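See structure below.
All of these numbers come straight from a predicted model, not from anything done at the bench.
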Amino acid sequence: MTTRSENRPPSEYSTLESLPVRTTDDVTFRVRVLPALQPDAPLVLILPAMAMKAKHYLALAKSLHAQGLSVATCDLRAQGESRPELREGKDFGYREMLEVDLPAVVAALRQRFPHAPLHLFGHSLGGQLALLFAAAQPTAATSITVIGTGTVFWRAFGPRRWVEALTHIQWIGLVSRVKGYWPGGVLIPGAMAGGVMVDWSLHSLTSRYRPKGSSHDYNRLLADMTLPVLAISLEDDRLGPKSNVDFLVSRMPAAQVTQWHIDGDSPVIHRDHFEWLEDSPVIGQRVSEWIGSGSASA
């Protein structure tokens, strides 16, 4: 007897070329790739938002690929195709993602695309990771694009939202400490590792990146970074509003930053923290233009 799941055809995402990656602490990833015809074409690695699976970025990956770029996507630790699943493995925070996972993923991509310049694309938390990783490893990437990525420092939200930011984010940090993980709910609907949410809540309180267990001074590294950065903000984004993006940009004084604020005059119709993915063709075209020329028109 066959089950309904056995009769279901495989998803388009699951049929993409897959690169297996294993970290030094035995976490495994599947890096899905869309290779360009030219082996030395720019390669874009997409890093997801908190509790978002990499498969949700397939339309964006295809849009970038249609512009002649190679594209790779990868789930964050304990999300999507990564193993072990959340709560089946050890707890972890920003340090493991930055100093264990990303080096392993980038090494696998370097082996697969030895002649391709690497460009990082991060959404929300994925953008924070892209910036901090590139700041600590300045020769690893050629540029960084972030969307919906701002500091979560409570004062960056503006006076009208200070109480909301303080209470909600510190509540998430408290629950994560007590339970050992974040079960989902306020602000962040999906479950996340406790260590990640504690690091996140401490950053919100202090504005500084101090991942537990790391010896890196990420704030200094970010201030010294000189790489090109495209920082995209969205008019209807309450989780990463323009004020928070501006604050994060101010922490990168040496970087070559291009800011693109997507408002009502933009061809991007969906301007929410997550819904912008529905306008992936527009975003993909503009990002590929910036990668090629260093400029993105609004």
Without swapping roles, check the side chain of [X] against the backbone of [Y] for a donor-acceptor pair under 3.5 Å.
X: Thr167; Y: Glu164; result: yes
X: Trp162; Y: Arg155; result: yes
X: His203; Y: Arg210; result: no
X: Glu96; Y: Asp101; result: no
X: Asp279; Y: His270; result: yes
X: Asp75; Y: Ala54; result: yes
X: Gln79; Y: Leu86; result: no
X: Ser280; Y: Leu277; result: yes
X: Ser243; Y: Ala156; result: yes
X: Trp260; Y: Arg286; result: no

Show the nearest heavy-atom pair for residues [X] and [Y], with the distance to one decimal.
X: Val31; Y: Cys74; result: CG2-SG, 4.0 Å
X: Leu131; Y: Ile144; result: CD2-CG2, 3.9 Å
X: Trp182; Y: Ile172; result: CH2-CG1, 3.7 Å
X: Gly127; Y: Thr149; result: CA-OG1, 3.4 Å
X: Thr142; Y: Pro228; result: O-CD, 3.3 Å
X: Leu118; Y: Ala140; result: CD2-O, 3.6 Å

Is any side-chain heavy atom of [Y] closer than 4.5 Å to one of [X]?
X: Asp246; Y: Gln259; answer: yes
X: Phe92; Y: Val196; answer: yes
X: Asn219; Y: Asp217; answer: yes
X: Ser201; Y: Arg177; answer: yes
X: Val152; Y: Trp200; answer: yes
X: Val198; Y: Lys212; answer: no
X: Glu99; Y: Ser214; answer: yes
X: Leu125; Y: Tyr94; answer: yes

query = When clusters are formed by joining ILVMFWY residues with side-chain heavy atoms under 4.5 Å apart, either directly or through shared neighbours, do Val100 and Phe133 land in the same one?
reply =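 Different clusters.
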ask   = Ion pair present between Glu12 and Lys62, side-chain N to carboxylate O less than 4.0 angstrom?
value =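 Yes, this pair counts.
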ask   = Which residue pairs pass the side chain to side chain donor-acceptor pair (under 3.5 Å) test with at least one member in residues 24-46, sequence neighbours excluded?
value =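 Applying side chain to side chain donor-acceptor pair (under 3.5 Å) to every pair that reaches into residues 24-46, excluding sequence neighbours, yields Ser18-Arg30, Thr23-Asp25, Asp25-Arg77, Arg32-Glu81.
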ask   = According to the side chain to side chain donor-acceptor pair (under 3.5 Å) rule, which pairs have a member within residues 107-119, sequence neighbours left out?
value =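 For residues 107-119, and leaving out neighbouring residues, the side chain to side chain donor-acceptor pair (under 3.5 Å) pairs sorted by first residue read Glu17-Arg112, His119-Ser143.
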What's the spacing between [X] [atom1] and [Y] [atom2] if we round to 0.5 Å?
X: Ile147; Y: His273; atom1: CD1; atom2: NE2; answer: 9.5 Å
X: Phe153; Y: Arg251; atom1: CZ; atom2: CZ; answer: 7.5 Å
X: Asp263; Y: Lys242; atom1: CG; atom2: NZ; answer: 10.0 Å
X: Leu202; Y: Gln170; atom1: CG; atom2: CD; answer: 7.0 Å
X: Thr145; Y: Leu47; atom1: OG1; atom2: CG; answer: 11.5 Å
X: Leu166; Y: Trp154; atom1: CG; atom2: CH2; answer: 5.0 Å

Atom CH2 of Trp171 with >12 non-hydrogen neighbours under 6.0 angstrom =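 Not buried by this count: 12 neighbours or fewer within 6.0 Å.
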message = Please enumerate all residues that pass ring-ring contact (aromatic ring centres under 6.0 Å, His included) together with Tyr181, with sequence neighbours excluded.
response =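 Partners of Tyr181 by the ring-ring contact (aromatic ring centres under 6.0 Å, His included) criterion come out as none, since no residue qualifies.
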query = Taking Val287 as the fixed residue, which of Val44, Val282, Ile232 is the one that meets the side-chain contact (heavy atoms from CB on, under 4.5 Å) rule?
reply =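 When side-chain contact (heavy atoms from CB on, under 4.5 Å) is applied between Val287 and each of Val44, Val282, Ile232, only Ile232 qualifies.
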ask   = Cut-off 3.5 Å, side chains only: do Tyr57 and His123 have a donor facing an acceptor?
value =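 Yes.
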